Amino acid sequence: LVNMVSNSGTNGLHGSVFEYFRNDRLNARNFFNAEKPAQQRNQFGATAGGPIQKDKMFFFSTFEGFRGRDADSKRTIVPDLDTRRGLLRDAAGNLVPIRIDRKAFDAVMNLWALPTGPPIGDGSAEAIIAAKIRQRDDFGSVRIDLALTNNHTLFGRYTINDGDSSLPRPSGTFQQQTTQRTQWFTLQEDWIVTPNLVNTARAGVSRTLERVTENPAPGTIIDPVIII
């Protein structure tokens with residue numbers, strides 16, 4: 001159950017704007033980073049409300065947006081350099097060539113980031129990858145109030161939340177992209193039956209869409225040999 005409370009318009013025209021900005025100027029460097037990661041966040045918006053018909057019909061609208069461009073370092077496990085050369089250790093600890101189509105094998109290895117840490121011993125190694133995170137979020141709402149009589153009021157409200165984000169996957173060469181959109185519509189009628197009794201009737205409908213995909217990160221080349 002979601003209960004939303006929103007402002008209504010008045011006979012006067014009013015509005016506001018705001019902006020919040022943050023960057024990496026005052027951030028400390030992460031222990032695992034050679035340099036301080038980039039960061040930029042903008043949160044901004046505006047509101048406006050006023051009369052459509054004096055003493056009868058009013059409107060109130062709001063918008064808020066968020067834009068984020070962050071960078072961070074992530075620890076992940078990738079094939080070590082011997083594995084990338086097509087060599088694995090047998091039970092005796094000797095490097096043995098892998099019998100596989102070399103062209104296809106190299107194409108698959110290129111889908112993993114290069115190791116930056118010591119080998120673990122099972123054909124894999126640690127890697128610290130630069131994770132670039134992108135976020136966009138937009139929120140908007142419009143409300144119309146109508147005074148039917150002295151005892152009856154009606155309002156309708158439409159709200160939308162639309163956004164997308166891009167997050168790096170553990171391989172370091174792919175990213176997860178998420179798209180979301182949620183919409184609400186609410187209609188409410190208030191009736192003052194007596195000074196001590198108020199009747200409220202409300203109806204609403206909502207719709208949500210979410211799509212998650214994984215795509216190559218910028219700079220990642222997919223060799224056609226591995227596409228089935």
Side-chain angles (χ1 to χ4, degrees), residues 21-43 65-138 161-182 208-228:
F21 173 73
R22 176 185 175 184
N23 61 18
D24 53 62
R25 290 293 182 89
L26 299 179
N27 290 355
R29 179 180 63 84
N30 187 295
F31 177 80
F32 297 102
N33 291 346
E35 58 185 23
K36 186 167 59 176
Q39 182 183 64
Q40 180 172 322
R41 295 183 180 182
N42 293 82
Q43 190 170 355
F66 175 81
R67 303 292 184 273
R69 301 289 187 274
D70 297 335
D72 197 3
S73 58
K74 300 292 184 181
R75 177 184 177 274
T76 188
I77 303 299
V78 299
D80 63 19
L81 293 178
D82 287 331
T83 301
R84 295 179 72 94
R85 289 195 295 264
L87 301 173
L88 289 178
R89 295 189 181 276
D90 59 15
N94 301 315
L95 290 174
V96 179
I98 303 174
R99 296 182 179 180
I100 194 172
D101 182 275
R102 188 66 196 189
K103 186 176 181 180
F105 179 80
D106 289 343
V108 172
M109 287 296 103
N110 288 335
L111 298 181
W112 293 87
L114 289 170
T116 57
I120 297 176
D122 59 355
S124 62
E126 293 184 2
I128 303 297
I129 63 173
K132 295 182 179 181
I133 303 171
R134 180 182 60 83
Q135 294 176 283
R136 177 190 67 84
D137 192 43
D138 292 323
N161 187 196
D162 183 83
D164 56 66
S165 63
S166 177
L167 302 175
R169 302 301 295 156
S171 66
T173 55
F174 277 75
Q175 59 187 9
Q176 176 180 291
Q177 295 179 321
T178 302
T179 301
Q180 289 182 311
R181 170 175 287 191
T182 304
T208 299
L209 170 68
E210 182 175 9
R211 182 181 296 111
V212 179
T213 59
E214 289 195 14
N215 300 299
T220 300
I221 300 176
I222 306 297
D223 195 313
V225 73
I226 63 174
I227 299 178
I228 301 176

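Sequence positions, counted from 1, serve as the residue numbers for this chain. Keep in mind that what you see is a predicted model, and the values were worked out from it rather than measured.
Here the straight-line distance linking atom CD1 of I133 with atom CG of L167 works out to 6.0 Å at 0.5 Å rounding. Separating the CD1 atom in I128 from the CZ atom in R75 is a distance of 7.0 Å, to the nearest 0.5 Å. With rounding to the nearest 0.5 Å, the separation of CZ in R181 from CG in D138 is 9.5 Å. To the nearest 0.5 Å, atom CG of residue N94 and atom CG of residue L87 are 11.5 Å apart.
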Starting from the C-alpha separation in whole Å, work towards a yes-or-no answer on salt bridge (Lys or Arg N to Asp or Glu O under 4.0 Å) for D80 and R85.
-> CA-CA 9 Å; D80 63 19; R85 289 195 295 264; over 6 Å; no
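No donor-acceptor pair closer than 3.5 Å links the side chain of D164 to the backbone N or O of T179. Although no hydrogens or angles enter the test, the distance criterion places no donor-acceptor pair under 3.5 Å between the side chain of T178 and the main chain of S165.
Contact record, F21 with N42: CD1-ND2, 3.4 Å, taken as the closest heavy-atom pair. When all heavy atoms of D162 and R136 are compared, the closest pair comes out as OD2-NH2, 2.7 Å. Across L114 and V78, no two heavy atoms sit closer than the pair C-CG2, 4.3 Å. The two residues A127 and P115 make their nearest non-hydrogen contact at CB-CA, 4.0 Å. For the pair T83 and F105, the tightest heavy-atom approach, listed with the atom from each and the gap, is O-CZ, 3.0 Å.
Side chain to side chain, Q39 and R22 meet the donor-acceptor criterion of an N or O pair below 3.5 Å. Of the N and O atoms on the side chains of S166 and Q175, at least one donor lies less than 3.5 Å from an acceptor on the other residue.
Among Q40, R134, K132, R41, the single residue meeting the side-chain hydrogen bond (donor to acceptor under 3.5 Å, both in side chains) criterion with D70 is R41.
Residues R84 and D82 are not paired through a salt bridge, judged by the lack of any N-O separation under 4.0 Å between the basic side chain and the carboxylate.
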